[in-house]
Amino acid sequence: MFQRVRLADSDPCPCGGGLYGACCAPLHRGERDASTAAELMAARYSAYAAHEADYVWRTWHPRYRPEVIHLDDAVEWLGLNIVETQAGGVDDREGVVEFEARFRDGDGSAVMRERSRFARRARRWVYVDGDVEYS
Ligand SMILES: [Zn+2]
C-alpha cells in the first residue's frame with residue numbers, strides 16, 4: 001500500500017482554477033462553501049483527484065450518497081472541462097453541470113462525461129446524481 005501525499009497549498013489545483021490553497025482547499029477544509037453548483041462540481045472533482053474522500057461524501061445529497069466513498073488509487077485525474085451549466089447560481093435551488101474529466105487508469109487514458117444534478121439543501125449546494133458516459 002502506498003499513501004498518497006496530500007496536495008500543498010502551493011500546488012496547482014486539480015480543477016485548473018489556480019493554486020490549490022486559493023482554489024478548492026478552503027472548500028475541502030470546510031472553511032467556506034461553494035456558492036454555485038459549478039464551483040461545487042469543480043471542488044468535488046478536485047477532491048477525487050486529491051483523495052479528499054470526506055469532502056466527496058459530505059457534499060453528496062444524503063439520500064443519494066453511498067455509505068462509504070471509495071476512491072480508486074489506480075485512477076489518476078488529468079483535467080476538468082466544464083461544458084455547460086444550467087441554473088445552479090447563487091439564487092437558484094437546483095442546477096445542472098455537464099463536464100468532461102480526463103483520467104488515466106490501468107487500461108490507459110479515457111474521458112468521463114457527466115451531466116450532474118445539484119440541489120441546494122440548508123443553503124448549501126450538494127451533488128444529487130448524474131448521467132455518465134465514457135469515451
Ligand atoms: Zn480548484
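Note that ligands are numbered from 1 as they come in the structure, with each ligand's atoms numbered from 1 the same way. Both backbone and side-chain heavy atoms feed into the values below; hydrogens, waters and symmetry mates do not. Every value quoted in this text rests on a predicted model; they were computed, and no experiment measured them.
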Quick check for you: within a radius under 2.8 Å, how many protein N, O or S atoms neighbour the Zn ion (ligand 1)?
4

hydrophobic_cluster_shared for Y20 and L78, side chain cutoff 4.5 Å:
no

Determine whether the aromatic ring centres of residues W125 and F118 are separated by less than 6.0 angstrom.
no

Option passing salt bridge (Lys or Arg N to Asp or Glu O under 4.0 Å) with R115 (candidates E98, E133, E100):
E98

Looking only at atom types and distance, does a side-chain atom of Y55 sit under 3.5 Å from a main-chain N or O of G30, one as donor and one as acceptor?
no

Check R29 with D9, please: is the shortest side-chain N to carboxylate O separation under 4.0 Å?
yes

Check R117 with D131, please: is the shortest side-chain N to carboxylate O separation under 4.0 Å?
yes

